[in-house]
Amino acid sequence: MKFSPIITIGRQYGSGGREVAKKLAETMNFAFYDKELLAEASKESGICQEVMENYDEKQEKRSFFSIMGGVQGRMDPAGMYLEMPLNHRIFLAQFDTIRKIADKGPCVIVGRCADYVLRDHENVLNVFIKASMDERRKRIIRLYELDPMKAEETIRKADKQRATYYNYYATGTWGDVNNYHLCLDTGVLGVDGAVELIRRAVELRQDKMEEDGIQW
């Protein structure tokens, strides 16, 4: 069977993770999913894409698991789904979409707990993109013309939001090296350097799978 690698990209805000993912997909001729994933999930679930974007990688304090427990035994699966808060329904829609995307062929998926969703897939390479606060501050000031005095606050707020979402739905710790196969610093390597290292890592992963006799 043809090797069909799936690359998930977790990223600190301002690290250039999305740019790395986009360039990697273009270089390797893989499908690319960031906001594109929301469009797919919207079509599959019937939830408006604009609504999905408003809830994207955000988490309410109300417990997903307590809701599940509270409705079990008194409601059928469809009723349970409708009883859930909207952000949980959006997560489940994205969860299903990520798994369907992974079955279609090689792709690069940005964020949205994709590493956790695909944790049982042998052909996945999980990558985390980081950079120093100074590098990230410079980047978002340049790209988004932010007030330099507010840049660090913006970064910390975005990172906290991503961490809260990941830690809640993935039941793990966002940015923990144990969740990823490769952690790269774009402040040291640059975007192109990170792309090249990931591309090479995919090749090495394929070689290792062949050596181990793993079917993909």
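Only this structure's heavy atoms are used, side chains among them; waters, hydrogens and symmetry mates stay out. These numbers were taken from a predicted model, which means no experiment stands behind them.
- Note: Tyr165 and Trp174 fail the aromatic proximity criterion, with ring centroids not under 6.0 Å apart.
- Using a cutoff of 4.0 Å between basic side-chain nitrogens and carboxylate oxygens, Arg200 and Glu196 are not scored as salt-bridged.
- Classified by interplanar angle (parallel below 30°, tilted 30° to 60°, perpendicular above 60°), the ring pair Tyr169/His88 is perpendicular.
- Taking both residues in full, the closest heavy atoms of Val124 and His121 are given as CG2-CB, 3.4 Å, listed atom of the first, atom of the second, then distance.
- Using modelled atom types, one finds a donor on one side chain and an acceptor on the other under 3.5 Å when comparing Tyr166 with Asp115.
- We find that Arg136 and Asp159 are joined by a salt bridge, their nearest charged nitrogen and carboxylate oxygen being less than 4.0 Å apart.
- In summary, Glu153 and Lys160 do not engage in a salt bridge, as defined by a charged side-chain N under 4.0 Å from a carboxylate O.
- Salt-bridge annotation for Asp103 and Lys100: absent, with no side-chain N of the basic residue lying under 4.0 Å from a carboxylate O of the acidic one.
- The side-chain heavy atoms of Ile7 and Val202, taken from C-beta on, include a pair separated by under 4.5 Å.
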(message) I'd like to know whether Thr8 forms a side chain to side chain donor-acceptor pair (under 3.5 Å) with Asn126, so could you lay out the CA-CA distance, the side-chain angles of the two residues, the decisive distance to 0.1 Å, and finally the verdict.
(response) CA-CA 5 Å; Thr8 73; Asn126 299 318; 2.6 Å; yes

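- More than 12 heavy atoms of other residues, nucleotides or ligands lie within 6.0 Å of CG in Asp134, so this atom counts as buried by the packing criterion.
- Using a cut-off of 4.0 Å between Lys/Arg side-chain N and Asp/Glu carboxylate O, Arg205 and Glu122 are scored as salt-bridged.
- Between Arg139 and Glu19 there is a salt bridge, with a side-chain nitrogen of the basic residue lying less than 4.0 Å from a carboxylate oxygen of the acidic one.
- When the shell of 6.0 Å around NZ of Lys157 is examined, it contains 12 or fewer heavy atoms from other residues, nucleotides or ligands.
- Ile9 pairs with exactly one of Leu125, Ile129, Ile109 by the side-chain contact (heavy atoms from CB on, under 4.5 Å) rule, that one being Ile129.
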